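What follows is one structure encoded as structure tokens, with my remarks underneath.
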Amino acid sequence: MRKRSLRAQPRGSVYQAPSPPCSISPLGSMAVFRSGLLVLTTPLGSLAPRLAPILTLAARLVNHTLYVHLQPGMSLEGAAQPQASPVQATFEVLDFISTFYSGAKVHTHLDVRILLTNIRTKSAFLPLLPSPVQNLAHPPEVVLTDFQTLDGSQYNPVKQQLERYATSCYSCCPQLSSVLLNPDYGELPVGSLDVPLPSTIRPSSPVARSPKQPVRGYLRGAVGGTFDRLHNAHKVLLSVACILAQEQLVVGVADKDLLKSKLLPELLQPYTERVEHLSEFLVDIKPSLTYDIVPLLDPYGPAGSDPSLEFLVVSEETCRGGMAVNRFRLENDLEELALYQIQLLKDLDHKENEEDKVSSSSFRQRMLGNLLRPPYKRPELPSCLYVIGLTGISGSGKSSIAQRLKGLGAFVIDSDQLGHRAYAPGGPAYQPVVEAFGTDILHKDGIINRKVLGSRVFGNKKQLKILTDIMWPVIAKLTREELDQAVAEGKHVCVIDAAMLLEAGWQNMVHEVWTVVIPETEAVRRIVERDGLSEAAAQSRLQSQMNGQQLVDQSHVVLSTLWEPHITQRQVEKAWALLQKRIHKTPAYD
């Protein structure tokens, strides 16, 4: 079993900021920094309604990683340098973390990370001892704060205190800039301050929780998930687990069979990539913990069998799974885990075919139609023609996609129709195929019976290779003739509709590969319904082709026909619009 244990390690040399310290000027004209540290000093009860303007200003200054340090009540005025002090982990703190991540999701360019080193549970609530400066994966180039001077000015001694405080806690760039945000809160609604935060974290105990109630600490606990394209809902789940754990956190990452039921699994990040992003985030937010990151291969994972674990963090969706883990533990004479349930973050901008929560599946849906990797350079193709290779497993609906592209102005080459031409009596492949497979594959009128021929080759690799060695070169030649015809008709985009595009090596004839994906179960259903085959025969046909994942791994654009026709049309129109922007940037289209 793959397992990755982590403790915070010294990182490499601190990144050198490419620009000199920025001078303070009106916020709109300031430099933009790749990474920043936001120090929040307002008491939490008053901070929540102020978050939107604070985040808006921070998002204008920082374009990638925004670290957040909570130090409510700290003053940056006075001669003494402010010191980091522990913040009691209460349910109010947990709810604030959830509220902050929820509010930050509108700033999609920001990778927000709330740092937890100074947030302590009751069992670990000791004074912060002098400790080495905490290394961060992306050393901040600017430190920001919500602290306000009496006159709202960019008061240099306050900025100097802020910089000293930041560098005493975290690894920052040598040329660190500082900004007092001075957000314009406008007219906050009466009663908006000190309003209890929404209760987003719920322990399994029936005892009612209150905002100021301290959170219990545990030595060891667990959390699990797919963690694809780590997003803010994941970060809430992980942050709560990190606060509860004092020594070790076991993180299960779904893999293999547990991924089969996921939407658009072909677009999931590989396990190693998900673990890499997860590891960096966890070590950044709480480096004092030991993290054991392991693949989840069954619904229980280590939470079902590790006697040293004391708690499990779950979401609203996975709460039943958490209860099943506890039943499994009891059946195996292990103590139940304390369950902490996290409320889902709502996605108010979701589209009609997407979930109403912040989720990786929605992010994967939004990737459909986007360019995933740079196009091929094909100087040997006609300079005035941009060629798309459209492929997908049998039953994926690629031919319907081809027709939609034709409706938008593309010249479509149907490789299946070219195969018909090649098979026809007198066609370039007719005689070689008959000689290879015998005259019993013919109808009485001498035409090749493709169903009989198909039954011979599907599921028989040797026979299939004999056929493809004959057919693929012939179809490739006919395709090149069709490309010339597209140029003659003045077309600028040509689509080669070919199920075996990659197997045949025809990607050397295209600038981009577009793949249409659907679940294999849906493909089998469509093949059975369309071609009248048995499920076994449909499965055999699919097994003779590359699977969806293999196709996507070599593709530039991915589409899916899994939803209603108008959703498919929207995808195609999006992909077409993005394609037009790409091809008009090339010299041939200037």
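Along the sequence shown, residues are numbered consecutively beginning with 1. Keep in mind that what you see is a predicted model, and the values were worked out from it rather than measured.
The residue from Arg421, Lys398, Arg450 that alone fulfils the salt bridge (charged side-chain N to carboxylate O under 4.0 Å, His left out) condition with Asp416 is Arg450.
Looking only at atom types and distance, the side chain of Ser102 has no donor-acceptor partner in the side chain of Asn232 under 3.5 Å away.
Side-chain atoms of His107 never come within 3.5 Å of backbone atoms of Ala104 as a donor-acceptor pair (strictly under, hydrogens ignored).
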Exercise. Might you work through the side-chain hydrogen bond (donor to acceptor under 3.5 Å, both in side chains) test for Asp347 and Ser359, ending with a clear yes or no?
Key: CA-CA 8 Å; Asp347 182 359; Ser359 74; over 6 Å; no
Self-check item: Tyr67/Asp284 under side-chain hydrogen bond (donor to acceptor under 3.5 Å, both in side chains): CA gap, chis, key distance, verdict
Solution: CA-CA 9 Å; Tyr67 293 105; Asp284 256 356; 2.6 Å; yes
Self-check item: Intermediate values then yes/no, side-chain hydrogen bond (donor to acceptor under 3.5 Å, both in side chains), His566 and Gln571
Solution: CA-CA 9 Å; His566 71 280; Gln571 281 179 44; over 6 Å; no
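More than 12 heavy atoms of other residues, nucleotides or ligands sit less than 6.0 Å from atom CD of Gln550. Heavy-atom contacts from other residues, nucleotides or ligands closer than 6.0 Å to NZ of Lys262 number 12 or fewer.
Close placement of the Tyr376 and His556 rings is indicated, their centers lying within 6.0 Å of each other. Centroid-to-centroid, the aromatic rings of Tyr386 and His511 come within less than 6.0 Å. With ring centers used as reference points, His64 lies 6.0 Å or more from His109.
Contact of the Leu542 side chain with the Ile527 side chain is registered, since non-hydrogen atoms from C-beta on lie closer than 4.5 Å.
Cation-pi geometry between Arg229 and Phe363 is not satisfied (NZ or CZ under 6.0 Å from the ring centre, within 45° of the ring normal).
Using a 4.0 Å cut-off between a side-chain N of Lys or Arg and a carboxylate O of Asp or Glu, Glu535 and Arg525 do not qualify as a salt bridge.
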